[in-house]
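Just so you know, these numbers come straight off a predicted model, no measurement behind them. FYI, side chains are in, hydrogens and waters are out, and symmetry mates aren't considered; it's all heavy atoms of this structure. Naming convention: chains lettered A, B, ... in sequence-line order (proteins, then strands); numbering from 1 in each chain.
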Amino acid sequence: MNNDLSSNFDVLLQKMLDGDISQQELEQLQLLTSDSLQMQEEVFELQKIEEALSSLHNHFPNASTDFLRGVEENLVNSLQAGKSLGIASGFASLASKSYNAIGLIGAVAIGGAIAWSVIVNQQSNQTQNGNSERAKLTETGNSAAIKNYDDHSQITTPANSIDKTVSANIENRDANETLNQHKQEFQKTVQTKQQAEPLKMNENPGEDGYIRLHKQSHNLQQELLLANQELEKRNNYSSIENIDLLIKIGILHHQLSDFDNAEIVWKKAIKITQKYSLTDYEATCTGNLGLLEKSRGNIGNAEELFRSAVLLLQKVGENAKRWEGELQKIKDKN
Amino acid sequence: MNDYQHIGDEDLFAIVQSQSDERAFRALYRRYDKRVYAYCLRVTGCRESAEDLFQTVMMAVVGKKEQFKGGSFAKWLFTITRHSALKYNRKSKQRNAMLSLENYDEIASSENYFYSDREDFLLQKHIHNAMIHLDHSYREAVELRYFQGFSYEEISEIAAISISLAKVRVFRAKQQLQKILSPVLRELFQ
């Protein structure tokens, strides 16, 4: 990696792009590039990139609001728990000073008792709030929302926010119950989806792995449900606006090892891309179909599809590195 | 939360530090949640990883709140974000390469573009897609400079490098982007 700007051209170019160039330096740059069309093109293209990049400030991808608010609640709980522990330890310290005559053990016991009461109250409040929220969801009968709540509420327990010595038993019991629940649900997924290769069903993923894999699969299913609902809401199924969504739905099916549905969706997307001559999207879908064939073990078909994706991209002057890489991998294996 | 609208980041965080004030925390969190998430998404290239990383960063901010000793809060926050991202990327050795490009398409299509000019809109989209091909340090430099709007001085502090190296990285990143996007640029602007 070159960490210096060795050429005068680069130094001047950098200054120009940063808007930090003097008139004299600008003239110097113009003189340097005057004989070279290639250099002039480079300057022009870099200026365009600079303009586009400069206009990207504060353009942020749309994060899920539910997710951001969920994390926010998490952190507020953690913050409040920290505050309670601070108060509790303050009580313990005060008790230690005031009840010096009673002796250290007594003081620790008093402080500990207050700390315990603060923590238990807090846990109890959280549990009560949680239970009532869950009860509301149960009333609505919206299983997806309940699952979402359960998933979310599992994340909400901040690891360092509760006094470990006091709550160790509670945590262990809850953790075991949660783990067993995850294990059972994961096993169910294994039984119903024999071909779920990406989840590596034949391997023992370990305890953390069970939780991770179940959550992963569960999240994907949730996402797929939402994406399909979104698609249903839209009137014209073959509309150009649906391509992104169809590609996404295909990806989710593929991740869930539902190869047949992934294939159907991507093929539908290809028809739309052809209708509107969106070659780069067509290449994406074609390449994705190649990945799908690869997952099925049909390497010959996969190779053909990757090659088609490369040709499509080359046709429109797009970077085909992604699918060329896949072709290379197949070659390397052979 | 409106009471906190006109309070600076550092003062708000001082209230969080001293009183664990919930409203101050929420106000500050909402100033930065989308920015930090965007950084996480661009450095990981996938939503699931970005969410993991985002939670890690935010927990670290709360956990390490006593370590903030003044200066710019944004700089401190992004130093934590950057370190967490580096650690996260080191840990996830096997990234899901299959979806990388498609995810970048997804990122690009979910941006709020304000450009009415089709060429500029398309170029922005291509820049997002090309970002994944940049070397990590270049991608990071572009992210901090253009998407997050930090000065070279601030980048040098966040990334613990010299100002001149920060400038060089940003410049090299632009050169890499230009090389990748040259055919597109020709098509769009000639």
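The shortest non-hydrogen separation linking A:L46 to B:K174 is CD2-O, 3.5 Å. Minimum heavy-atom separation, B:L177 to A:I49: C-CD1, 3.6 Å. The heavy-atom pair separating B:V62 from A:S78 by the smallest distance is CG1-OG, 4.0 Å. Nearest heavy atoms, B:F25 versus A:E72: CE2-O, 4.4 Å. In terms of heavy-atom proximity, A:L68 sits nearest to B:Y37 at CD2-CB, 4.4 Å.
One finds no salt bridge joining A:E45 and B:K179 here, because no Lys/Arg side-chain nitrogen approaches an Asp/Glu carboxylate oxygen to under 4.0 Å.
Proximity to chain A (any heavy atom under 4.5 Å) is shown, for B:V170, by neither the backbone nor the side chain. Heavy atoms closer than 4.5 Å to chain A are found in the side chain of B:I127, but not in its backbone. In this structure, chain A has no heavy atom under 4.5 Å from any part of B:I161.
Each of A:E41, A:E42, A:E50 was compared with B:Q178 under the side chain to side chain contact (heavy atoms under 4.5 Å, CB included) criterion, and only A:E42 meets it.
Atom CD of B:E153 is surrounded by 12 or fewer heavy atoms from other residues, nucleotides or ligands within 6.0 Å.
Taking CD from B:E22 and CG from A:L79, the interatomic distance works out to 8.0 Å, rounded to the nearest 0.5 Å. For the atom pair CG (A:L17) and CZ (B:F171), the distance works out to 6.5 Å, reported to the nearest 0.5 Å. Taking CG from A:L53 and CZ from B:R145, the interatomic distance works out to 10.5 Å, rounded to the nearest 0.5 Å. For the atom pair CZ (B:R26) and CG (A:L75), the distance works out to 9.5 Å, reported to the nearest 0.5 Å. From A:Q14, atom CD reaches atom OG of B:S164 across 9.0 Å, with rounding to the nearest 0.5 Å.
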Between A:F67 and B:R47, does the side chain to side chain contact (heavy atoms under 4.5 Å, CB included) criterion hold? Intermediate values first, please. CA-CA 11 Å; A:F67 167 73; B:R47 201 141 48 103; over 6 Å; no
What's the verdict on side chain to side chain contact (heavy atoms under 4.5 Å, CB included) for A:R69 and B:D33, showing C-alpha distance, side-chain angles and the deciding distance? CA-CA 9 Å; A:R69 296 292 80 81; B:D33 59 352; 2.7 Å; yes
Evaluate A:F44 against B:L185 for side chain to side chain contact (heavy atoms under 4.5 Å, CB included), listing each step before the verdict. CA-CA 9 Å; A:F44 173 77; B:L185 284 158; over 6 Å; no
May I have the list of side-chain donor-acceptor pairs in residues 72-80 of chain B shorter than 3.5 Å, sequence neighbours left out?
{"unit_1": "B:S72", "atom_1": "OG", "unit_2": "B:A74", "atom_2": "N", "d": "3.4"}
{"unit_1": "B:S72", "atom_1": "OG", "unit_2": "B:K75", "atom_2": "N", "d": "3.1"}
{"unit_1": "B:K75", "atom_1": "NZ", "unit_2": "B:E157", "atom_2": "OE1", "d": "2.7"}
{"unit_1": "B:K75", "atom_1": "NZ", "unit_2": "B:E157", "atom_2": "OE2", "d": "3.4"}
{"unit_1": "B:T79", "atom_1": "OG1", "unit_2": "B:K75", "atom_2": "O", "d": "2.6"}

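Looking only at side-chain heavy atoms (C-beta outward), B:Y152 and A:D18 come within less than 4.5 Å of each other. For the pair A:N74 and B:M59, the minimum side-chain heavy-atom distance is 4.5 Å or more.
For residues 49-70 of chain B, the set of pairs meeting the salt bridge (charged side-chain N to carboxylate O under 4.0 Å, His left out) definition, not counting sequence neighbours, is empty.
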